[in-house]
Structure formats: structure tokens, C-alpha cells
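Just so we're on the same page: letters track the sequence lines, and every chain starts at 1. Atom set for the values below is all heavy atoms of this structure, side chains included, hydrogens, waters and symmetry mates excluded. Note that the structure is a prediction, hence the values are computed from the model and not measured.
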Protein chains: 2
Amino acid sequence: MKKNPAITAQTKQNLNQAFWELYCMKRIDKITIKEITMRAGYNRSTFYEYFSDVYDVLEQLEERLIANLQELPVQQLSSQKDPFPLEALVSMFSHHSKYLVVLLGDQGDPAFQGKIKASMKPMIKEILIAQGARDDFELEYTLEYALSAMIGVLRYWFSQEEPPSIEKLVELLTELSDEGIMKKLIGM
Amino acid sequence: MKKNPAITAQTKQNLNQAFWELYCMKRIDKITIKEITMRAGYNRSTFYEYFSDVYDVLEQLEERLIANLQELPVQQLSSQKDPFPLEALVSMFSHHSKYLVVLLGDQGDPAFQGKIKASMKPMIKEILIAQGARDDFELEYTLEYALSAMIGVLRYWFSQEEPPSIEKLVELLTELSDEGIMKKLIGM
DNA sequence: TTATATCATACGACACGTTGTCGGATATTA
DNA sequence: TAATATCCGACAACGTGTCGTATGATATAA
């Protein structure tokens with residue numbers, strides 16, 4: 001007898017959704033398996049048929065998300081004139097903001113930002129080196145600088161009550177990339 | 001009868017140290033009060049005389065650290081020619097790297113980076129506005145950009161096995177601040 | 001100086017909730 | 001009908017937070 005994907009997939013999705021609803025409200029270590037299964041309508045033991053513990057749910061979710069993140073930019077990157085894929089990054093974040101805001105937030109996963117960077121660095125590096133950049137410590141640190149700044153700003157942008165338009169944001173980020181922060185800070 | 005600070009302060013410090021040793025090794029929600037008190041040499045109940053729960057230990061520690069962080073730059077900022085206190089930031093991080101590396105790390109506190117930013121933004125903003133900057137959305141976002149980038153790079157720097165010298169780092173950060181990331185990424 | 005009352009500090013024990021793992025009940029498919 | 005997938009109830013072990021209590025130090029009075 002083979003497994004019935006129609007049933008198990010639905011059950012797993014129900015558990016995933018119940019977990020995410022709770023994860024949006026409180027930190028992961030305050031989430032009990034009992035809460036998840038009650039919300040999803042299952043016995044607590046059923047949880048263990050699909051996940052090893054509460055962290056396992058989050059890890060699997062992060063894996064799927066990282067995989068999704070890597071699909072989008074690849075297309076846009078090739079037909080990109082900018083060396084640093086700024087627009088691709090912004091549109092990627094917008095597309096998955098529902099999850100990113102929480103995972104990068106104050107009650108999120110402190111390791112997740114590192115996972116994003118690790119998954120994007122090789123792609124961006126490849127493009128940059130193909131365009132003539134040297135693969136040295138300066139490239140490494142500049143990439144870390146740029147990704148940290150972008151993620152920080154985008155996270156800030158998504159958490160704002162009345163955020164500026166996406167066009168204004170991209171315009172500002174482009175200026176900062178091209179001219180640095182000092183010109184803006186000194187007062188132009 | 002008054003409290004005996006000599007005794008309680010020592011006990012509290014012992015508990016704090018035991019907690020930190022454990023926090024360096026594993027995520028906070030895997031740390032039990034029993035572990036902390038056993039390591040410090042007390043009964044589990046004694047813990048509750050000083051802290052409400054495990055998170056309370058971390059919160060108090062973060063408060064002390066934030067307070068310390070705010071002392072250092074204030075002196076250096078006044079005698080600073082740069083509008084953005086880059087050197088002050090770097091020296092501040094170096095001075096407290098023991099704690100910052102962990103708190104900003106993969107098993108750290110996802111809210112701590114926000115706490116640092118929140119505590120530094122008013123100081124830096126004050127200086128910048130006094131130097132003629134306009135207090136608008138561009139300043140806000142540029143500050144978020146700069147702080148995210150600096151914290152990201154410094155965290156990366158401290159976690160490296162063979163990091164470049166502090167002089168090289170400051171030189172690179174200065175260039176990135178003055179000229180932006182593009183010049184570096186394109187390949188100069 | 002000595003005896004005693006008082007309080008700070010640390011401890012042991014209790015009830016409760018969560019965890020992970022059994023074996024078993026029910027339903028579905030061959 | 002037989003076999004297996006899916007889900008469930010029960011159990012032991014562990015961590016949590018809160019009692020009441022023992023011990024030792026300090027202040028006050030005799």
C-alpha cells in the first residue's frame with residue numbers, strides 16, 4: 001500500500017499553516033506542539049508523523065523559501081545592466097514579504113539573514129566576476145556590506161506604517177549604491 | 001535588616017556568568033534554569049530570587065551592554081570630523097566584541113540589532129542635523145542603510161578566522177561610505 | 001558582653017504543563 | 001478479507017514556578 005499524498009500533503013499543510021499563524025504571534029520557543037495540533041484539528045501525536053519537533057517545521061519552511069528566492073532573480077539577473085541586482089532584490093523581497101518580515105523580525109530566526117546571504121552570494125559573485133571584478137577580500141566585504149544594507153533597509157521599509165513608494169526607495173538605494181552614504185548624510 | 005550587597009551581587013554575578021557560558025554554546029530556549037544553577041553552584045529556587053526566568057537574565061545583560069555602548073562614542077563623537085562616526089563604531093564593537101558576536105550571531109537575539117540601532121540613531125541624527133542635514137525620510141533610510149551595513153560587516157569581520165587588519169577594514173568602509181559600493185563591485 | 005528577635009539568603013518539595021514514544025484503533029486500498 | 005496508512009490515547013520523564021522552611025548574620029536589649 002502506498003502512501004496517499006493527497007491526505008498527508010493536506011495534513012502537513014494544515015500543520016504548517018497552524019504553525020505559521022502562531023509564529024507570527026509569538027517567539028518559537030513559546031509555541032507548543034499541542035497548540036499547533038489543536039489549531040489544525042489533530043491529535044498531538046500526529047504531529048510527530050510529519051515533523052520531529054517545532055523547529056523542524058520552521059527549518060523546512062525556510063528551506064522552501066530559500067529555494068523560491070533563488071528562482072526569481074536568476075531570470076532577471078541575466079537581462080540586467082546593473083552589476084548589483086538591486087531591482088531584482090527589491091522585487092524578490094516584495095514577493096515574499098509575508099514570510100521575510102517575520103523571519104527577519106524581532107521574533108524571527110537570527111540565523112535566517114545569514115542563510116539568505118549565503119544563498120545569494122555565490123550567484124551575485126559569479127555575475128560580478130564575469131564582469132571583471134577581482135575575487136579578493138574587498139569584494140567579499142563589499143558584498144557583505146551591500147547585502148546587509150539592502151536587507152536592513154528592506155526590512156525597515158516593510159515594517160513602516162506609511163512607507164515611501166517603491167520607486168522612491170529604489171531611487172534612493174541606487175543613489176546610495178552609486179555615490180555612498182556620505183553625500184546624503186552631509187546634507188548635499 | 002538590609003540586603004547584603006556583597007553576597008547578593010556575587011550570587012547574581014555567578015548566575016550571570018553561568019548563563020553566559022551556556023548562551024555561548026546553545027540557543028537560549030535550550031538553556032534550563034537547572035543547568036544555570038548547577039553550574040553556578042546553587043539550588044534551582046535561588047535563581048528566582050534574582051531573575052524571573054531565563055530571558056530576564058539576557059534582558060538585563062543587554063540593558064547593561066547598551067548602556068555601556070552609549071558611553072564610549074559620546075566622547076569621541078564631539079571631537080570627530082567625519083559626519084558618520086565610523087571609527088567610533090569600529091572601536092566600540094572591538095571593545096565589546098565578546099558579547100556582540102554572540103548576541104548578533106546565529107544563536108543570538110534577533111531583536112538585539114534593532115536595540116543597538118534604536119540606541120544609536122538619536123545620537124547620530126543629532127550630530128548630522130547639527131551639521132546641516134535635513135531630517136526627512138532620506139536621512140532616516142540612509143541611516144538605516146549605513147547602520148545595517150556597518151553592523152553586518154563588523155559581525156562578519158569578528159566571525160572570520162583570518163580577518164584583515166582593522167586599518168584595512170576602516171579604509172575599505174571609508175571608501176564605501178564616500179564612493180558607494182558600485183565602484184568597488186564593477187572592478188574599478 | 002551576651003541573649004534573643006528579626007530578617008536576608010538559600011533550599012526542598014509540590015502541582016502543573018510539555019515532550020517524545022509507545023502500542024492500538026480506525027479507515028482505506030488491493 | 002488482509003494489509004497497511006493515518007491518526008489517536010496513554011505513559012514516563014523532564015522543566016517550570018511557587019510554596020513553606022532551615023540556616024546564618026545582624027541589630028537591639030539585658
Testing C:dG20, D:dT16, C:dC11 for proximity to the side chain of A:Tyr48, the answer is C:dG20

Of the listed C:dC11, D:dC7, C:dT9, the closest approach to the B:Tyr42 side chain comes from C:dC11

Output the rounded distance in Å from [atom1] ([X]) to [atom2] ([N]).
{"X": "A:Lys34", "N": "D:dC8", "atom1": "NZ", "atom2": "C1'", "answer": "15 Å"}
{"X": "B:Asn14", "N": "C:dT9", "atom1": "CG", "atom2": "C1'", "answer": "14 Å"}
{"X": "B:Asp53", "N": "C:dT18", "atom1": "CG", "atom2": "P", "answer": "16 Å"}
{"X": "A:Met38", "N": "D:dC8", "atom1": "CE", "atom2": "P", "answer": "13 Å"}
{"X": "B:Gln10", "N": "C:dT9", "atom1": "CD", "atom2": "C1'", "answer": "14 Å"}
{"X": "B:Asp56", "N": "D:dG17", "atom1": "CG", "atom2": "C1'", "answer": "14 Å"}
{"X": "A:Phe47", "N": "C:dT19", "atom1": "CZ", "atom2": "P", "answer": "9 Å"}

Quick one: is [X] getting a side-chain N or O under 4.0 Å of the [N] phosphate, OP1 or OP2?
{"X": "B:Asn43", "N": "C:dA10", "result": "no"}
{"X": "B:Tyr50", "N": "C:dT9", "result": "no"}
{"X": "B:Thr46", "N": "C:dC11", "result": "yes"}
{"X": "A:Thr11", "N": "D:dC7", "result": "yes"}

Tell me if the centroids of the rings in A:Trp20 and A:Tyr99 come within less than 6.0 Å of each other. yes

- Message: For A:Lys30 and B:Glu49, find the nucleotide of DNA chain D closest to each by heavy atoms; which residue's nucleotide sits nearer the 5' end?
- Response: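 By nearest-heavy-atom nucleotide position, the 5'-most residue is A:Lys30.
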
5'-most by nearest nucleotide on DNA chain D - A:Arg44 or B:Ile33:
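Checking each residue's closest nucleotide, the 5'-ward one belongs to A:Arg44.
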
query: Do the side chain of A:Gln70 and the main chain of A:Ser119 share a donor and acceptor less than 3.5 angstrom apart?
result: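 Here the side-chain-to-backbone pair exists.
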
Checklist entry - Should A:Arg134 and A:Leu139 count as side-chain neighbours, where that means a heavy-atom distance under 4.5 Å? => result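 They are not in contact (no side-chain heavy atoms under 4.5 Å apart), so the answer is no.
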
With under 30° as parallel and over 60° as perpendicular, where do the rings of A:Phe47 and A:Phe51 fit, or are they tilted in between?
-> tilted

**Request:** Describe the nucleic acid contact of B:Thr32 in one word from base, sugar-phosphate, nothing, applying a heavy-atom distance below 4.0 Å.
**Result:** sugar-phosphate

Report yes or no: do B:Gln17 and B:Gln13 form a side-chain donor-acceptor pair below 3.5 Å?
no

TODO: Record whether the side chain of A:Ser52 comes under 3.5 Å of the base of C:dG20 through a donor-acceptor pair of N or O atoms.
DONE: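 There is none.
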
